[in-house]
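Shown next, in structure tokens, is the structure this report addresses.
Quick note: residue numbers are just sequence positions, from 1.
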Amino acid sequence: MKKRFKLTDGLVLVLMLCLFVGFMLLPCLNTLTSIFNVKAADGTRDPLAVIRFFLAGNMKNYVFNSLKLAVCLVITVNIVGISIVLLTEYFDIKGAGLLRAGYLTTLIYSGVALVTGFLFLYDRDGILTTLLRNAFPNLDPSWFSGFPAVLFTMTFACTSNHMLFLRNAIRGIDYNTVEAARNLGAKPFKVLRTVVLPTLIPTLFSLTVMTFITGLCAMSAPTLIGYDAINPEIVRLAGSSAADESFPQARAALLSIILAFFTILLLTILTHYERKGHYLSVSKTKAKLVKQKIENPVANVLAHIYAYALWVVYMMPVVLIFIFSFQSYTAIKLKKIDFSNWTLINYFGTHDFEYTTPRGKVKQSVGAISGLFSNESALGGIKVSFILSVIAAALACVLVVLACNYIFKHRKTGTLVESLLLFPWLLPTILICYSYRIYFNSDKVWYTFGQNLYRGPNVWFLLILAYTVVKLPFAVRMIKASFYSIDSELEDAARNLGSGPLRTFLRVKLPIILPSVLAVFALCFNQLFSEYDMSATFHSSYATTYAMVIKSMTETDQRAYYNLNALGRQCASTVFIMCVSGLILYLVYGVGARDLGERLERRARREQRIARIKAKFAK
């Protein structure tokens, strides 16, 4: 039966078109045209000035550095990512569950929190650097810096995608094919090379493209560690003026467009590759994969050593940051653990600090040592990030639910709506944010009612818009899949009983898709709460996010006798982010992933335990 086009459907279509044109297309087109609107010293327009500057100056070095990081990251991340998945899912390694938990720690802290965690260990005054300098006095304290440090940090930060997607692909392998190859006399590593890995090529190709884009658009690690990449340079140029250097805004726009070009090119290649299709012939009765034993004793020992060495690299920042978050200011400053003096000062309360001046006079700095939840700037950052993330995640879910409901009712125009919402996936996040910063930093945009969205408190609206738009493609992919589980006969039955479209949606459709919508909301909030890239682009005193506060903690810690406990609050902040992220992931993938039968079974076991306890006390 053909669906009738109603007024509410028309409103949804108009809303999506306005969202696309006003907050995706026009800002990005303005960025593109700004490259060619540069004026020379005599006031005449010189469309090719930025291009000549790019070819003659050092701007191309930033592009080269980002490309070098992306290429090297593809190699290192695939090596580490494939190996940790094989060690925990394919080979029979002792303690695989413990190893898996360590390798998955990058899911609960990422971005600026992860980078500051690695810096806490490897920076010039980091824990491991201090230990190494005590053992080797001639060691350069700045050994962990530049390209090698960024590559090392991002290698272990980006393997979370392998643990999520490649792990599922390996679990989906038909063990019958592996067993058949073993029966034909193939050695275990030959089976791995000729049978297992070829089935993983589509997943590996997708992960490779994702890793390349991540390295190309890197922001947190290059900024905090120090590396001349594209994204940090765009943010620097966006905050510069013509009085400081030549046409900085146009140069930032050009770098953003270059990033967009590479992103679109890679996504086009990925889409073309996926459409070609990849199929594997398997048996009709699929067998669960059985872990393979490494027969060679030397290879088995080496595999275990390699597995646990990687586990130490993953776990060391988490464990040490957790321990030091309960240490005193002096212990953190000296990077020495004092097990006899545990404290909560990094989380709660304030302490005064006494110091001796160069003239020998003892002074006291009141409240210089403060905890995370007793520090005004830290609490302000948590509040800002929490409010912005909740609003943006909820707004993205509401828009996508309306859009998906429209898509499934109107196939032809629904394809258009879906394409509009997936548009932000074609562009790097920095281009969208930079375009917003330039385009809406004006009172001449009529559909913002003459309001400058970048000025003063209005920057909140700009951040919410950017957060929402960037999360739309992810929300579309996840929520649209849940709409397939809605039986059309339920909607027909509700209509036959006299239920209107709105009531049918609220009483029939929404309860079915609600678990998926809540999961998408939780994951979007999780990613936005500690987000740094967009926050740095829109940096303002009116909206200092939690990630920006964490970044500034190591800088303020250097001030003499003021705000001394910034490093301790940084440890506490990382632990706080891990707790929040871990709780959300548990609710989504732990509790939320259980089906009805499993929930009823757990409920029955819980009731039995309670009954046994009551019976025991009754006796």
Side-chain angles (χ1 to χ4, degrees), residues 70 73-91 96-97 99-111 114 154-175 177-178 192 195-218 263 266-267 269-280 282 286 288-289 291 307 310 314 422 425 471 473-482 484 516 519-520 522-524 526-527 581-582 584-586 588-590 592-593:
L73 202 62
V74 164
I75 299 172
T76 57
V77 169
N78 273 325
I79 291 174
V80 176
I82 293 172
S83 63
I84 62 177
V85 173
L86 292 177
L87 289 169
T88 55
E89 304 299 331
Y90 184 76
F91 291 115
L99 293 172
R100 188 183 302 112
Y103 299 153
L104 286 171
T105 52
T106 53
L107 288 176
I108 61 174
Y109 81 126
S110 58
L114 184 142
M154 293 194 65
T155 294
F156 293 97
C158 296
T159 54
S160 53
N161 287 330
H162 285 71
M163 289 299 293
L164 286 177
F165 302 111
L166 189 62
R167 179 186 173 198
N168 289 335
I170 284 185
R171 286 185 167 189
I173 292 175
D174 185 3
Y175 180 64
T177 59
V178 177
L192 175 65
V195 177
V196 176
L197 290 181
T199 66
L200 304 176
I201 288 178
T203 304
L204 288 173
F205 185 83
S206 300
L207 290 172
T208 297
V209 173
M210 292 168 61
T211 303
F212 190 91
I213 294 176
T214 301
L216 194 67
C217 302
T263 305
L266 287 168
L267 290 176
I269 294 173
L270 176 61
T271 303
H272 174 72
Y273 185 80
E274 286 180 337
R275 286 178 178 175
K276 291 172 62 178
H278 299 271
Y279 305 96
L280 176 67
V282 296
K286 200 170 186 179
K288 184 180 179 181
L289 183 67
K291 289 189 175 183
L310 288 178
Y314 278 97
L422 291 176
W425 242 347
K471 291 302 171 188
F474 169 75
V476 168
R477 281 293 186 96
M478 300 291 288
I479 294 178
K480 183 187 174 185
S482 67
Y484 283 105
S516 297
V520 171
L523 292 174
C524 288
N526 208 11
Q527 295 164 3
S581 301
I584 290 175
L585 288 174
Y586 171 73
V588 172
Y589 290 105

Determine, step by step, whether Ile84 and Phe156 satisfy the side chain to side chain contact (heavy atoms under 4.5 Å, CB included) criterion, reporting the C-alpha distance in whole Å, the side-chain angles of both residues, the deciding distance to 0.1 Å, and the verdict.
-> CA-CA 11 Å; Ile84 62 177; Phe156 293 97; over 6 Å; no

Please report the C-alpha distance between Leu107 and Leu164 in whole Å, then the side-chain angles of each, then the deciding distance to 0.1 Å, and finally whether the side chain to side chain contact (heavy atoms under 4.5 Å, CB included) criterion is met.
-> CA-CA 9 Å; Leu107 288 176; Leu164 286 177; 3.9 Å; yes

Within-4.5 Å side-chain heavy-atom neighbours: Val476 and Leu422 = yes

Measure the spacing between OG1 of Thr106 and CG of Asn161 and express it to the nearest 0.5 Å.
-> 8.5 Å

Smallest separation among heavy atoms of Lys291 and Glu89, with atom names | CG-O, 3.8 Å

Using the side-chain hydrogen bond (donor to acceptor under 3.5 Å, both in side chains) rule, collect all pairs that involve residues 74-83, keeping only residues at least two apart or in two chains.
-> Thr76-Thr155, Asn78-His162, Asn78-Thr208, Ser83-Tyr306

Over all atoms of both residues, closest heavy-atom pair of Leu87 and Tyr103 = CD1-OH, 4.4 Å

Go through Ile82 and Leu204 one step at a time and tell me if the side chain to side chain contact (heavy atoms under 4.5 Å, CB included) criterion holds.
-> CA-CA 9 Å; Ile82 293 172; Leu204 288 173; 3.7 Å; yes

Closest approach of Trp425 and Thr263, non-hydrogen atoms and distance?
-> O-CG2, 4.1 Å

Output for pair (Ile584 CD1, Ile108 CD1), nearest 0.5 Å, gives 12.0 Å

All heavy atoms of Cys158 vs all of Thr214, minimum pair found to be SG-CG2, 3.7 Å

Atom of Gly102, atom of Tyr314 and distance for their closest heavy-atom approach = O-CB, 3.5 Å

Rounded distance (nearest 0.5 Å) linking atom OH of Tyr90 with atom CG of Leu166 | 13.0 Å

Closest heavy-atom contact between Val77 and Met154?
-> CG2-O, 4.2 Å

Looking at residues at least two apart in the chain, or sitting in another chain, which of them share a side chain to side chain donor-acceptor pair (under 3.5 Å) with Gln527?
-> Lys471

Looking at CD1 of Ile170 and CZ of Phe165, how far apart are the two atoms once the value is rounded to the nearest 0.5 Å?
-> 14.5 Å

Side chain to side chain contact (heavy atoms under 4.5 Å, CB included) evaluation trace for Leu267 with Ile213 | CA-CA 9 Å; Leu267 290 176; Ile213 294 176; 4.1 Å; yes

From Met163 atom CE to Leu104 atom CG, the distance as rounded to the nearest 0.5 Å | 4.0 Å

To the nearest 0.5 angstrom, please state how far the CD1 atom of Ile201 sits from the OG atom of Ser206.
-> 12.0 Å

